[in-house]
Amino acid sequence: MTALQPIRMTDAQLVAMIDRIALESSRTEKERYLADLAATSQGREMIQLCYNPFWTWGITQKEMPPTGQGPSEGDTLAEIKTLLMKLAARELTGNAAAEVVASAFASFTPAAGRLLWLCLNKDLKAGVNTASILAVDPSIVPIFAVMRANSYEEKHVKAFPVAVEPKLDGHRVTFIAKDGGGGFFTRTGKAIDSLEHMIEPTLKALRHWAGMTRITNGQPNPVHDLLSVLRYFGGVPEIVLDGEMMSDQGFAETSGALRRKSEDADVRFHIFDMLSWDEFDAMGDVAVPYAHRRQRVLDLIGCTKHLGDRLTVTEMRVARSHDEIQLIYQDYRARGFEGAMVKLLDGPYQKKKSRSWLKLKNEDTEDLQVIGVFQGQAGGKYEHTIGGLIVDRNGVEVRVSGLDDATRAEIWKLWCEDVQLVAANPNVGYKGETFGIVGETFDRRMKLLGHVVEVEYHEVTPDGSLRHPRFIRFRDDKTGEVEK
DNA sequence: TTCCGACAGTGGGGTCGCAAT
DNA sequence: ATTGCGACCC
DNA sequence: CACTATCGGAA
């Protein structure tokens with residue numbers, strides 16, 4: 001497409017191109033300058049090093065370390081890439097990695113050092129991310145995206161009936177059958193080693209399904225529509241199954257089982273969607289309506305039940321009104337599910353956060369006493385103000401964020417005043433600090449510590465902490481002792 | 001003109017592997 | 001044996 | 001995962 005400029009830029013020129021993107025506040029202008037950057041070989045390389053999701057370094061560098069001063073010489077970017085690829089392969093780890101990185105910074109000019117620092121943080125720090133890069137040129141970095149849901153709002157349901165399914169609190173997983181083999185992948189496209197034992201059974205199910213003959217009755221049939229365009233490799237249909245991987249023992253165990261390398265994960269695959277590889281791999285939406293895609297899954301599971309219960313299809317009900325949706329949601333909650341998924345029956349498969357899938361989840365609030373604060377991450381927007389609050393929940397410290405900028409500024413003032421009373425330094429950093437003040441033991445003159453805030457959350461965790469805790473408001477009527 | 005969708009950036013609990021201590 | 005960090009799940 | 005800030009097109 002666009003021919004890369006062969007002209008060799010200096011490191012400083014490359015940094016200048018990146019900073020020019022950062023200086024623009026307009027999204028469209030950012031994308032213009034990002035396109036300029038992507039049109040240079042070095043710029044393209046930087047974008048890849050910063051945004052290829054499959055390259056990680058195993059080491060981070062929050063603050064920019066000191067660099068040398070000498071003039072730039074040789075191909076610094078190639079040097080950086082060589083170093084990073086050693087990190088990516090974990091040929092260099094731990095102290096050895098830290099030493100090599102430190103000496104690289106020490107030998108680099110400030111411009112070269114900045115390039116390395118941006119790469120280590122995997123962020124050009126210019127207000128662009130994967131979506132912008134994709135818009136500029138989809139071929140720069142690999143993209144793996146599955147369909148995700150927005151929060152349920154009545155106005156998003158344009159027509160009834162709709163499908164309602166239980167929301168399963170596990171891990172989103174896709175199975176991809178391709179080139180005669182297969183594999184399980186996470187929501188972001190990482191291979192899941194602990195599911196290798198399920199690959200062959202799943203391929204077997206797909207082969208069995210594809211080999212079954214079915215009666216058409218002369219009617220249009222979504223399954224036959226799929227079969228007619230399917231490609232095969234060694235008898236295996238090239239298919240993508242999309243669903244939720246679940247342990248019977250809850251979310252924490254699902255997480256553990258999928259990460260542990262020591263054993264095969266004892267989980268079941270609750271499938272809710274099914275695409276051909278070509279449909280999944282293509283850019284843009286898959287127009288096949290959800291109702292039809294679901295019939296594909298029912299067909300697959302229906303004719304492979306005898307192969308075991310590791311592969312299942314999620315249950316589904318049909319709602320004809322918002323009231324019915326609420327009733328089904330309440331029923332799912334009563335049965336222990338995380339919530340409900342509302343899916344538009346004629347909606348396409350969209351490889352992004354879609355309005356065709358809507359989620360309902362339980363949310364609760366609690367009033368909890370502030371016992372400390374923490375600042376924002378070093379080098380970030382909130383480094384010198386409030387990053388969040390630390391509240392006490394029956395002896396468990398819960399860190400609470402979700403504050404708006406004005407509230408952060410207000411709280412930072414209160415914190416600075418409180419801290420003066422005990423002659424302490426307000427700069428406690430991201431680690432944060434508490435003064436062990438619980439119940440009535442705080443100084444009555446304090447304006448923040450000991451006061452009560454309302455915290456919203458999804459659920460209480462097994463350790464007595466809160467999942468997804470976020471600040472709602474101060475409860476100034478409730479300073480001091482937490483009620484009940 | 002106002003509203004709202006998409007995007008980037010900030011932050012949470014919890015789990016594992018790995019390396020340092 | 002414990003601790004802390006990085007990477008990813010939600 | 002949830003949330004806030006921002007820009008720019010939809011309404």
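Chain A is the first sequence line, chain B the second, and so forth, proteins listed ahead of strands; every chain is numbered from 1.
Searching all strands for a Watson-Crick or G-U wobble partner of B:dC7 with both distances below 3.5 Å returns nothing.
Residue A:Thr60 has no polar side-chain atom (N or O) positioned under 4.0 Å from OP1 or OP2 of C:dC5. Remark: A:Thr186 is in phosphate contact with C:dC9, judged by side-chain N or O atoms under 4.0 Å from OP1 or OP2. Remark: A:Arg27 is not in phosphate contact with B:dC7, judged by side-chain N or O atoms under 4.0 Å from OP1 or OP2. Not one side-chain nitrogen or oxygen of A:Thr56 sits closer than 4.0 Å to the OP1 or OP2 atom of C:dG6. Using a 4.0 Å cut-off, no side-chain N or O of A:Arg470 falls inside it from OP1 or OP2 of D:dC1. Contact annotation: A:Ser401 does not reach the phosphate of D:dA2 (side-chain N/O to OP1 or OP2, under 4.0 Å). Within the 4.0 Å cut-off from OP1 or OP2 of B:dA19, at least one side-chain nitrogen or oxygen of A:Thr93 is found.
The side chain of A:Ser132 approaches B:dC7 more closely than any other nucleotide in the set D:dG8, B:dC7, B:dG11. Distances were taken from every side-chain heavy atom of A:Phe374 (C-beta onward) to each of C:dC10, B:dG11, C:dC9; the shortest belongs to B:dG11. Of all nucleotides listed (C:dC10, B:dG14, B:dA6), B:dG14 comes nearest to the side chain of A:Thr461. Comparing atom distances between the A:Asn95 side chain and each of C:dC9, B:dT21, B:dC4 picks out B:dT21 as nearest. Checking C:dC8, B:dG9, B:dG13 against every side-chain atom of A:Lys190, the shortest atom distance belongs to C:dC8. Considering only side-chain atoms of A:Lys361, the nucleotide from B:dT15, C:dA7, D:dA2 that sits closest is D:dA2. Side-chain proximity of A:Lys62 to the nucleotides C:dG6, D:dA5, B:dT15 is greatest for C:dG6. Checking D:dC7, B:dG11, B:dT15 against every side-chain atom of A:Arg259, the shortest atom distance belongs to B:dT15.
Rounded to a whole Å, the CD atom of A:Glu153 is 10 Å from the C1' atom of B:dC4. Note: CG (A:Asp404) to C1' (D:dC3) measures 10 Å, nearest angstrom. Atom CD in A:Glu244 sits about 12 Å away from atom P in C:dC9, given to the nearest Å. As rounded to whole Å, 19 Å separates atom P of D:dC3 from atom CZ of A:Arg399. Summarising the geometry, the separation between CD on A:Glu253 and P on B:dC16 is reported as 8 Å, rounded to the nearest angstrom. Note: CZ (A:Arg90) to C1' (B:dA19) measures 12 Å, nearest angstrom. A straight line from CZ of A:Phe471 to P of D:dC3 spans 13 Å, rounded to a whole angstrom. Atom CG of A:Asp463 is separated from atom P of B:dG13 by 11 Å (rounded to the nearest Å).
At least one donor-acceptor pair under 3.5 Å links the side chain of A:Asn150 to the backbone N or O of A:Ser354.
Within the 4.0 angstrom heavy-atom criterion, no nucleotide atom of any strand lies near A:Leu258. Among the atoms of the strands shown, only primed sugar atoms or phosphate atoms (P, OP1, OP2) are found under 4.0 Å from some heavy atom of A:Lys359. Across all strands shown, A:Lys261 has heavy atoms under 4.0 Å from sugar-phosphate atoms exclusively, and none from any base. Within the 4.0 angstrom heavy-atom criterion, no nucleotide atom of any strand lies near A:Lys30. Heavy atoms of A:Thr254 sit nowhere under 4.0 angstrom from any nucleic acid atom. Among the atoms of the strands shown, only primed sugar atoms or phosphate atoms (P, OP1, OP2) are found under 4.0 Å from some heavy atom of A:Tyr430. As judged by a 4.0 angstrom heavy-atom cut-off over every strand, A:His171 is placed among residues touching the sugar-phosphate backbone only. In this structure, A:Gly256 reaches the sugar-phosphate backbone alone: every heavy-atom distance under 4.0 Å involves primed, P, OP1 or OP2 atoms, never a base.
Aromatic ring pairs are classed by plane angle as parallel below 30°, tilted from 30° to 60° and perpendicular above 60°; the pair A:Phe435 and A:Trp415 is tilted. A:Phe471 and A:Phe474 have perpendicular rings, their planes meeting at more than 60° on a 0 to 90° scale where under 30° would count as parallel. Using cut-offs of 30° and 60° for the angle between ring planes, the A:His171 and A:Phe251 rings count as tilted.
No close placement of the A:Phe108 and A:Trp117 rings is indicated, their centers lying 6.0 Å or farther apart. Between A:Tyr329 and A:Phe337, the ring center distance fails the sub-6.0 Å criterion. Ring centroid separation for the pair A:Phe184 and A:Phe269 comes in under the 6.0 Å cut-off.
Other residues, nucleotides and ligands place no more than 12 heavy atoms under 6.0 Å from the NZ atom of A:Lys447.
Taking the nucleotide of DNA chain D with the nearest heavy atom to each of A:Tyr382 and A:Ala149, the more 5' of the two is matched to A:Ala149. Residue-to-nucleotide proximity on DNA chain B shows that, of A:Ala131 and A:His156, the 5′-proximal contact is made by A:His156. Residue order along DNA chain D, read from the 5' end via each residue's closest nucleotide, puts A:Lys167 first among A:Lys381 and A:Lys167. The 5' end of DNA chain B is approached more closely, in terms of each residue's nearest nucleotide, by A:Arg355 than by the other of A:Arg355 and A:Gly94.
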